[in-house]
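Predicted model, so just to flag it, every value in this text is computed and none were measured. Just so we're on the same page: letters track the sequence lines, and every chain starts at 1. What's counted below: heavy atoms across the whole structure, side chains too, no hydrogens, waters or symmetry copies.
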There are 2 protein chains.
Amino acid sequence: MSTQGPYLAEIAHLMGDPARANMLQALMDGRALTAKELAWLAGVAPQTASGHLSRLMQGGLVTVAAQGRHRYYRLAGPEVAAVLEGLMVLSGQQGLGRRLPSRVGEELSEARTCYDHFAGRLGIGIHDALMAGGHLAVSEGGYAPTRSGEAIFAALGIEAAEGGRSRRAGLRPCLDWSERRPHLAGRLAAALACRCFEMGWVRRRKDSRAVLVTEEGRAALEVALPGFRCEPAEPVSLPVRVREPAPV
Amino acid sequence: MSTQGPYLAEIAHLMGDPARANMLQALMDGRALTAKELAWLAGVAPQTASGHLSRLMQGGLVTVAAQGRHRYYRLAGPEVAAVLEGLMVLSGQQGLGRRLPSRVGEELSEARTCYDHFAGRLGIGIHDALMAGGHLAVSEGGYAPTRSGEAIFAALGIEAAEGGRSRRAGLRPCLDWSERRPHLAGRLAAALACRCFEMGWVRRRKDSRAVLVTEEGRAALEVALPGFRCEPAEPVSLPVRVREPAPV
DNA sequence: GGAACGCTACGGCGCAGGCCGAAGCATCGA
DNA sequence: TCGATGCTTCGGCCTGCGCCGTAGCGTTCC
């Protein structure tokens with residue numbers, strides 16, 4: 001019997017639909033996109049996209065992270081990207097380095113609060129700096145500061161050790177809405193943000209969740225967080241419609 | 001309008017049909033199979049398989065080599081195999097090392113004549129030994145012996161240099177029917193076979209195209225052809241039906 | 001030269017599945 | 001608490017295409 005064949009065909013069939021293929025290609029840069037964005041990129045209605053994403057989930061090609069009323073989809077892993085890459089080679093065209101349309105206000109993308117912690121490129125930068133420096137360790141349910149990480153927080157006047165078994169995780173990743181990469185959330189992240197406001201390193205803009213890193217704040221943070229650099233200044237390109245709009 | 005998406009989807013769609021996927025998987029060991037065999041492996045009628053193969057050809061996934069009344073199909077290249085490999089990984093099962101059903105008599109598979117030259121594992125061995133030793137160069141329309149190759153043929157009493165612009169190619173690849181890999185055909189291959197019969201290195205079996213390499217022939221050939229080893233002794237497994245027969 | 005065989009082209013049947021409209025939950029903001 | 005938004009499920013329409021029967025062409029073998 002050995003019905004071993006169909007499985008490969010099932011995966012390929014999932015990739016073989018134009019709408020699904022467009023979605024997967026849009027996810028190839030590793031970022032997470034919402035269902036609506038993927039629907040728009042694929043040129044189909046949200047209901048249709050939802051069905052496609054459900055099938056891609058079932059096939060193990062994408063994963064989803066629910067966050068608020070959004071659901072962020074991303075490729076399930078590098079193996080999926082590798083196959084897509086190979087298919088692009090076969091179809092005679094390399095990846096063109098697609099970029100997500102960013103209609104978001106530049107101020108919000110640069111730095112903003114996410115509930116009680118920082119997000120935007122500011123939040124991403126903090127996350128990446130601590131992660132790259134080995135100050136964070138991945139633990140169950142989130143991150144845990146390492147010995148050096150605890151020292152960094154302590155220097156900021158933040159007690160990293162969990163006092164009295166606080167039920168709220170000290171640090172955990174939070175998918176950034178504009179950058180689509182994780183920034184830091186949790187008790188310690190909130191404390192860090194609070195400290196920044198107290199010290200005048202970061203100020204709230206009026207009528208917006210966007211915040212502004214002051215000059216002294218920039219310098220202070222780069223000292224307090226080894227490896228942290230403000231203004232990553234990631235270029236943003238214009239949106240590109242992948243498929244023609246559905247005919248009327 | 002940058003309709004870059006569909007191409008990837010087209011290739012994936014070709015791989016996404018069960019029948020076509022079975023065919024491609026069957027071709028993954030690099031050998032060439034006939035349309036009928038592929039039809040049988042895919043569990044579809046020959047007409048259906050023909051259509052599938054036509055589409056795979058158009059998509060650049062397979063190539064075809066017409067030989068007599070057979071048409072041998074093989075994967076278009078290692079890139080195709082790489083994608084299939086990746087898809088097998090995603091589908092959660094590594095390649096199981098499928099093998100072509102070999103109903104062919106073991107004697108025929110071992111060594112036989114193909115018109116006027118040797119085929120079977122004997123022919124494959126000769127081809128591979130000369131190729132691996134750098135005694136053959138690929139030229140227009142076939143192979144040409146290199147300087148060292150000419151010496152090998154000369155030692156066997158065969159004049160490799162084309163006398164009087166013989167229209168028949170001295171050496172050319174011929175797709176082996178049982179092994180599905182090229183062996184050597186052409187004037188020099190015929191002369192080599194003739195010499196082997198003359199010297200008693202190879203004897204014809206009766207009532208068959210199968211031939212037998214004698215003991216002294218084995219030793220002599222291994223001396224005459226550097227790197228040649230008789231009896232590769234490739235294991236042959238039983239045929240496996242991939243899909244259930246079509247329902248009546 | 002005739003029969004057998006391998007392969008492909010054509011035509012029609014039938015089903016899988018892609019698509020959207022309408023409706024139902026859940027979440028966020030005021 | 002109410003409306004707006006994001007996402008999903010359900011139902012029905014409809015195209016695409018996988019499938020085989022029949023037929024035609026080229027090759028091989030007797």
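Judged as a ring pair (Phe, Tyr, Trp, His ring centres under 6.0 Å), and not counting sequence neighbours, the contacts of Phe118(B) are Phe197(B).
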Tabulated below should be each protein N or O lying under 3.5 Å from an N or O of nucleotides 21-26 of chain D; please produce it.
| residue | atom | partner | partner atom | Å |
| --- | --- | --- | --- | --- |
| dG21(D) | N7 | Gln47(B) | NE2 | 2.7 |

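The distance from atom CD of Gln58(B) to atom C1' of dT8(C) is 15 Å, rounded to the nearest whole Å. For Leu33(B) and dC7(C), the CG to C1' distance is 15 Å, given to the nearest whole Å. Going from atom CZ of Arg55(B) over to atom P of dC10(C) covers 15 Å, rounded to whole Å. Between Lys36(B) atom NZ and dT27(D) atom C1' the separation is 15 Å, expressed in whole Å. Separating the CG atom of Leu14(A) from the P atom of dG17(C) is a distance of 10 Å, rounded to the nearest angstrom. Taking atom CH2 on Trp40(B) and atom P on dC20(D), their separation rounds to 15 Å, with Å as the unit. Between the CE atom of Met15(B) and the P atom of dG18(D) there is a distance of 15 Å, rounded to whole Å. For Tyr72(A) and dT27(C), the OH to P distance is 15 Å, given to the nearest whole Å.
A pairwise comparison of heavy atoms in Val80(B) and Gly60(B) identifies CG2-O, 4.4 Å as the closest pair.
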When you look at Ser50(A) and Gln47(A), which way does the side-chain hydrogen bond (donor to acceptor under 3.5 Å, both in side chains) test go after all the steps?
CA-CA 5 Å; Ser50(A) 177; Gln47(A) 319 92 285; over 6 Å; no

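For Arg71(A) and dG6(D), the shortest distance from a side-chain N or O to OP1 or OP2 is not below 4.0 Å. Between His70(A) and the phosphate of dT8(D), there is no side-chain N or O to OP1/OP2 separation shorter than 4.0 Å. Contact annotation: Tyr73(A) reaches the phosphate of dT8(D) (side-chain N/O to OP1 or OP2, under 4.0 Å). In this structure, Arg20(A) reaches the dG18(C) phosphate: one of its side-chain N or O atoms is under 4.0 Å from OP1 or OP2.
A 4.5 Å side-chain heavy-atom check between Leu61(B) and Ile11(B) finds at least one atom pair inside the cut-off.
Aromatic rings from Tyr143(B) and His127(B) are positioned such that their centres are separated by under 6.0 Å.
Listed candidates were dC19(C), dC7(D), dC19(D). Nearest to the side chain of Asp17(B) is dC19(D). The listed nucleotides are dT8(C), dC19(D), dG6(C); the one nearest the side chain of Ser50(B) is dT8(C). Considering only side-chain atoms of Ala35(A), the nucleotide from dG17(C), dC7(D), dC19(D) that sits closest is dC7(D).
Map Ala49(A) and His52(B) each onto its nearest nucleotide of DNA chain D; the residue landing nearer the 5' end is Ala49(A).
Taking the C1' atoms of five terminal pairs at each end of the helix from dG1(C)-dC30(D) to dA30(C)-dT1(D), the two resulting helix axes are inclined by 30°, rounded to 10°.
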